[in-house]
Amino acid sequence: MEILKFEIKISATPEKVWTVLWEDMHYRQWTSAFTKGSFYLGTWDEGSIIKFFDPNNNGMYSRVLKNDPNKEMTFLHLGEIYDGIETPQDWGDATESYVLEETEDETILKVTIKSSPEFKDFFEEKFPQALQNVKSLAENQL
């Protein structure tokens, strides 16, 4: 597993950043850095399965391990979805964690991903732009 870490400072409250990350309309906007037309189906409740899709209904599914509102969201990635068919993958502890740390005048968003090496280059290329999208939305649109 590769451990990738990304961080960005955002001049907004943790509540605003949280809304940008997980509210449907804003989620679609910031995740366009990965694939235009990205969306999710499911709920963010701990223990639930959430499905992440591209516009062609392909993607992946994950279990929500932790949802501590305005502080932390963590997923365990379980498998891929092609043409609506879920295919479990042996990714071990492939997790994705979003942690919000409030300072006096900003929120620091820290993302940690445990990923198989095949996805490393993609994440290193796309995640910085995705976090810039979160920053822009949280600072300017809410």
Side-chain angles (χ1 to χ4, degrees), residues 1-103 106-142:
M1 280 288 151
E2 298 273 345
I3 297 177
L4 308 174
K5 295 181 182 256
F6 305 93
E7 182 176 310
I8 193 165
K9 294 178 181 178
I10 302 171
S11 296
T13 64
E15 292 80 10
K16 283 186 178 179
V17 176
W18 190 263
T19 297
V20 167
L21 287 170
W22 311 121
E23 187 274 325
D24 181 55
M25 180 183 73
H26 293 103
Y27 175 88
R28 291 171 185 256
Q29 291 173 307
W30 76 265
T31 58
S32 68
F34 301 111
T35 302
K36 292 202 184 309
S38 294
F39 66 100
Y40 66 84
L41 293 176
T43 71
W44 301 112
D45 297 334
E46 282 187 15
S48 69
I49 299 295
I50 190 97
K51 298 177 183 182
F52 304 98
F53 290 101
D54 69 13
N56 299 314
N57 290 318
N58 297 317
M60 62 191 306
Y61 63 100
S62 307
R63 180 174 318 285
V64 179
L65 295 180
K66 185 167 188 177
N67 179 346
D68 186 359
N70 307 314
K71 292 186 177 129
E72 181 179 350
M73 180 80 77
T74 301
F75 316 110
L76 174 65
H77 298 304
L78 301 173
E80 297 175 318
I81 303 170
Y82 291 107
D83 294 326
I85 307 294
E86 295 177 13
T87 306
Q89 299 294 318
D90 185 14
W91 288 331
D93 65 340
T95 57
E96 192 169 327
S97 177
Y98 296 76
V99 174
L100 304 177
E101 292 182 9
E102 187 173 16
T103 67
E106 63 193 4
T107 299
I108 301 169
L109 171 57
K110 297 180 177 183
V111 180
T112 303
I113 302 169
K114 290 183 186 172
S115 171
S116 60
E118 67 189 282
F119 298 117
K120 179 183 179 186
D121 290 343
F122 175 79
F123 285 138
E124 286 182 338
E125 177 189 347
K126 301 294 186 177
F127 242 102
Q129 180 56 54
L131 294 185
Q132 277 300 134
N133 289 352
V134 172
K135 177 180 174 77
S136 176
L137 289 164
E139 290 180 351
N140 300 317
Q141 293 193 9
L142 291 179

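Under the rule for a side-chain contact (heavy atoms from CB on, under 4.5 Å), the partners of Asp83 that lie at least two apart in sequence or sit in another chain are Asn58.
For the pair Thr112 and Lys110, the minimum side-chain heavy-atom distance is 4.5 Å or more. Residues Ile10 and Val20 have side chains not in contact (no heavy-atom distance under 4.5 Å, counting atoms from C-beta outward). Put simply, the side chain of Leu137 reaches to within 4.5 Å of the side chain of Gln29, judged on heavy atoms. By the 4.5 Å heavy-atom criterion applied to side chains, Met73 and Trp18 are counted as neighbours. Inter-residue side-chain proximity for Glu86 and Lys51 is flagged as met; some heavy-atom pair is nearer than 4.5 Å. Between Ser38 and Phe52, every side-chain heavy-atom pair lies at or beyond the 4.5 Å cut-off.
Judged by distance alone, with hydrogens and angles left aside, the side-chain atoms of Tyr82 form no donor-acceptor pair with the main-chain N or O of Thr87 at under 3.5 Å. Proximity of a side-chain donor or acceptor of Trp22 to a complementary backbone N or O of Trp44 within less than 3.5 Å is not detected. Looking at Thr35, its side chain never comes within 3.5 Å of a backbone N or O of Asp54 through a donor-acceptor pair. Using a distance-only test at 3.5 Å, with no hydrogens or angles considered, a donor-acceptor pair links the side chain of Thr19 to the main chain of Glu15.
Minimum interatomic distance between Val64 and Phe75 (heavy atoms only, all atoms of both residues): CG2-CD2, 4.2 Å. Taking every heavy atom of both residues into account, Ala12 and Val17 meet most closely at CB-CG2, 4.3 Å. Glu2 and Pro117 get closest at one heavy-atom pair: CG-CA, 3.8 Å. For Leu76 against Gly92, the heavy-atom pair with the smallest separation is CD1-O, 3.7 Å. Ser115 approaches Phe119 most closely through the heavy-atom pair OG-CB, 3.3 Å. Between Ser32 and Asn133 the shortest heavy-atom distance is OG-ND2, 4.0 Å.
A distance of 9.5 Å separates CG in Leu65 from CD in Glu72, rounded to the nearest 0.5 Å. For the atom pair CH2 of Trp91 and CD of Glu118, the computed distance is 8.0 Å after rounding to the nearest 0.5 Å. Atoms OG1 and NZ, on Thr107 and Lys9 in that order, are 12.0 Å from each other to the nearest 0.5 Å. Rounding to the nearest 0.5 angstrom, the gap separating the CZ atom in Phe34 from the NZ atom in Lys36 is 12.5 Å. The CG atom of Asn70 sits 7.0 Å away from the CG atom of Leu100 when rounded to the nearest 0.5 Å. Rounding to the nearest 0.5 Å gives a distance of 4.0 Å between CD1 of Ile49 and CZ of Arg63.
Aromatic rings from Phe39 and Phe53 are positioned such that their centres are separated by under 6.0 Å. Phe122 has its ring centre no less than 6.0 Å from the ring centre of Phe127.
Heavy-atom neighbours of Asp24 CG from other residues, nucleotides or ligands within 6.0 Å: above the threshold of 12.
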Item to check | Full working for side chain to side chain contact (heavy atoms under 4.5 Å, CB included) between Val134 and Ile8 | outcome: CA-CA 9 Å; Val134 172; Ile8 193 165; 5.9 Å; no
